[in-house]
Structures are given as C-alpha cells and as structure tokens.
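Everything on this sheet refers to the single structure shown next.
What's counted below: heavy atoms across the whole structure, side chains too, no hydrogens, waters or symmetry copies.
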Amino acid sequence: MPRFPAGQTLLIDADDTLWENNIYFERAIAAFIGFLDHHEYSPADVRQTLNGVERDNILAHGYGLSSFTRSLVDCFERLSTTPVTEEKRERVRGFARTIAEQEIELLPGVKETLADLATRHRLILMTKGNHAEQADKLARSGLADQFSAVEVVAEKDPATYGTVIQKHELTAHSSWMIGNSPKSDINPALAAGLHAVFLFHKDTWVLEHAEVSAAPEGQHLIELDAFARLPEFF
C-alpha cells in the first residue's frame, strides 16, 4: 500500500481509537456480575442477557453512560433472585459511575501522531454517542485543537456517512474513516464510498464486533495494529 499524498480528509473515531473506553465498561460489568452472584446463570449467561438488554436500550435511549446505567439496573431487576431494593439499585448504578470518574487515557502515540497528521491532512473527529459525554471527553483529552470539525452522531450507518460527506463536501477518492469498530467505523464507511483504516483494539465492545468487509473496487482498506503507524500511509 503506497503512502497517500497530503490533502486527504481523515474522519477519526474517538472511543478505543484515540483513548481507552471499553475496558472501563468491562470492569464495571465484571463488578456487576460479581455483585449479582447468580447461582443458576453462569457469568457468560448473565453477560449474554445484559447484551440483549443493552441492544434494546440503545434502540430506545441511544448510546452513552445513562443508557448503560439503565441497562445494568434493568438486567439486575430481571435476573436477581432476591428482592430488588432501591439500595441494591443504587449499588448497581455505582458500578456505572466508576466509568465517569476515569481520567482520559490516550492510546500509545495518539497525541504525537495526530499532531503530525494535522500538518498534512484535514482531520475530522467522527464519533457516536451522547453529545455532552463525547464533547467532555474530547475537551479533557487535550486533542480538540487537532480537528477542523467534530461530528457526534446518533449512529454510524451508510446514511449518516453520506450526510457527513455532503456536509463537509468530501471527495471519495481522498477521504477515509479510521476506527476500531468493524460494525460502525469500517463496513458502513466502505458502503458509503469512503476508504477505511481498521485499527485493531483487543477490547473492542462486543456489540461492535463484525466481520470486516472487503473494500469495493476502487476503494482502499488498510488494517493496522496501532494508531502510531498511520504516518506510514499518510
């Protein structure tokens, strides 16, 4: 794969692409499963139930910490074998609050690599989730100055990518989506006509797992194991 010339537009995901995110949710889920201490369902069974509850709540309430908190409480109410009290609900909510208390932990090489890329290309942050939460994380990350624009969207699907393409007047042959999620960052971006860079992250959220699509003819797909490798191509 060649190095691409200056002037590319790089749409860049945030959670688990620029900074750690899902590991904090996984820790909260592990604490929740331990607190539930179900004697009939295995931890894997509990997690499967929680995944289903999360899918339903995402459809009804969107992404973000509030939706996740609701999912933990809903799952607890569904599976608890003892009476559910407000005290227990508050304990469950506390597992989710630990996530909000986390400092932003940039992934290796992100700060230096973004600064380098910004000297040659147009960088646009494109992330999905709760707008206030994502804006707060970006502000705390210290990376906001590297981006010419920020798009916080409700979902990343081909139609949303199409809207962003039109809004920012992107040209397909020089525009890329960069992220860790096959489901949200790679496959729908390719379907919308963009090139894509898949950045593998070992702790990508299970609800974002999918087979990575092949790039259509005339489009590029690059697969990398580290954000810091982007300047090899850009």
Between the side chains of [X] and [Y], is a donor N or O closer than 3.5 angstrom to an acceptor N or O?
X: Ser67; Y: Asn57; value: no
X: Ser71; Y: Asp74; value: no
X: Tyr63; Y: Glu133; value: no
X: Lys88; Y: Ser80; value: no
X: Thr171; Y: Ser174; value: yes
X: Asp185; Y: Ser181; value: no
X: Gln8; Y: His195; value: no
X: Thr127; Y: Gln134; value: yes

Treat each ILVMFWY residue as a node, draw an edge where side-chain heavy atoms are under 4.5 Å apart, and state whether [X] and [Y] are in one component.
X: Leu10; Y: Met126; value: no
X: Met177; Y: Ile222; value: no
X: Val73; Y: Phe25; value: yes
X: Ile165; Y: Trp176; value: no
X: Leu125; Y: Tyr161; value: no

So, Ser148 side chain and Leu123 main chain: donor-acceptor pair closer than 3.5 Å or not? yes
Backbone N/O of Ala172 and side chain of Ser175: donor-acceptor pair under 3.5 Å: no
Check the pair His173, Gln219 against side-chain hydrogen bond (donor to acceptor under 3.5 Å, both in side chains), reporting the backbone distance first and the verdict last. CA-CA 8 Å; His173 74 274; Gln219 293 171 243; over 6 Å; no
Closer than 4.0 angstrom, basic N to acidic O: yes or no for [X] and [Y]?
X: Arg91; Y: Glu86; answer: no
X: Glu54; Y: Arg47; answer: no
X: Asp225; Y: Arg229; answer: yes
X: Glu151; Y: Lys156; answer: no

Using the salt bridge (charged side-chain N to carboxylate O under 4.0 Å, His left out) criterion, which residues pair with Lys137? Sequence neighbours excluded.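 Partners of Lys137 under the salt bridge (charged side-chain N to carboxylate O under 4.0 Å, His left out) test: Asp15.
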For Asp203, enumerate each residue passing the salt bridge (charged side-chain N to carboxylate O under 4.0 Å, His left out) test, keeping only those at least two apart in sequence or located in another chain.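 Not a single residue meets the salt bridge (charged side-chain N to carboxylate O under 4.0 Å, His left out) criterion with Asp203.
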More than 12 foreign heavy atoms under 6.0 Å from CD of Glu77: is that the case here? yes
For [X] and [Y], which heavy atoms make the closest approach, and how far apart are they?
X: Ser213; Y: Leu221; answer: O-CD2, 3.4 Å
X: Leu65; Y: Ala100; answer: CD2-CB, 3.6 Å
X: Gly162; Y: Ala192; answer: N-CB, 4.5 Å
X: Ile186; Y: Gly179; answer: CD1-O, 3.9 Å
X: Ala210; Y: Asn187; answer: CB-ND2, 4.2 Å
X: Leu190; Y: Ala214; answer: CD1-O, 4.1 Å

Under the side chain to side chain contact (heavy atoms under 4.5 Å, CB included) rule, what do Leu18 and Phe227 come out as? Steps first, then yes or no, please. CA-CA 8 Å; Leu18 298 178; Phe227 194 91; 3.7 Å; yes
Are any non-hydrogen side-chain atoms of [X] and [Y] less than 4.5 angstrom apart?
X: His39; Y: Asp37; answer: yes
X: Thr49; Y: Leu79; answer: yes
X: His61; Y: Arg70; answer: yes
X: Asn180; Y: Asp13; answer: yes

Quick one: pull up [atom1] in [X] and [atom2] in [Y] and give me the separation to the nearest 0.5 Å.
X: Ile23; Y: Asp16; atom1: CD1; atom2: CG; value: 8.0 Å
X: Asp157; Y: Thr163; atom1: CG; atom2: OG1; value: 8.5 Å
X: Phe198; Y: Thr17; atom1: CZ; atom2: OG1; value: 9.5 Å
X: Ile104; Y: Trp19; atom1: CD1; atom2: CH2; value: 6.0 Å
X: Ile178; Y: Leu224; atom1: CD1; atom2: CG; value: 8.5 Å
X: Ile99; Y: Ile29; atom1: CD1; atom2: CD1; value: 7.5 Å

Measure centre to centre between the rings of Phe35 and Phe76, then say whether the value is under 6.0 Å.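 Here the rings of Phe76 and Phe35 have centres that are less than 6.0 Å from each other.
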Quick check, are the ring centers of His121 and Phe4 under 6.0 angstrom apart? no
Under 30°, 30 to 60°, or over 60°: which ring-plane class applies to Tyr41 and His38, parallel, tilted or perpendicular?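 Tyr41 and His38: parallel rings.
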So Gln102 and Tyr24, side chain to side chain contact (heavy atoms under 4.5 Å, CB included) or not? Walk me through it. CA-CA 8 Å; Gln102 294 292 331; Tyr24 307 127; 3.4 Å; yes
Stepwise, does the side chain to side chain contact (heavy atoms under 4.5 Å, CB included) test hold for Val197 with Phe234? CA-CA 11 Å; Val197 179; Phe234 302 101; 3.9 Å; yes
Evaluate the side chain to side chain contact (heavy atoms under 4.5 Å, CB included) criterion for residues Leu72 and Leu50: first the C-alpha distance (whole Å), next the side-chain angles of each, then the deciding distance (0.1 Å), finally the verdict. CA-CA 7 Å; Leu72 286 185; Leu50 177 60; 4.0 Å; yes
Test salt bridge (Lys or Arg N to Asp or Glu O under 4.0 Å) on Glu211 and Lys183; report intermediate values, then the result. CA-CA 8 Å; Glu211 291 294 323; Lys183 178 177 178 289; over 6 Å; no
What side-chain donor-acceptor pairs closer than 3.5 Å can you find for residues 106-116, not counting sequence neighbours?
| unit_1 | atom_1 | unit_2 | atom_2 | d |
| --- | --- | --- | --- | --- |
| Thr113 | OG1 | Gly109 | O | 2.6 |
| Asp116 | OD1 | Arg120 | NH1 | 2.8 |
| Asp116 | OD2 | Arg120 | NH2 | 3.2 |

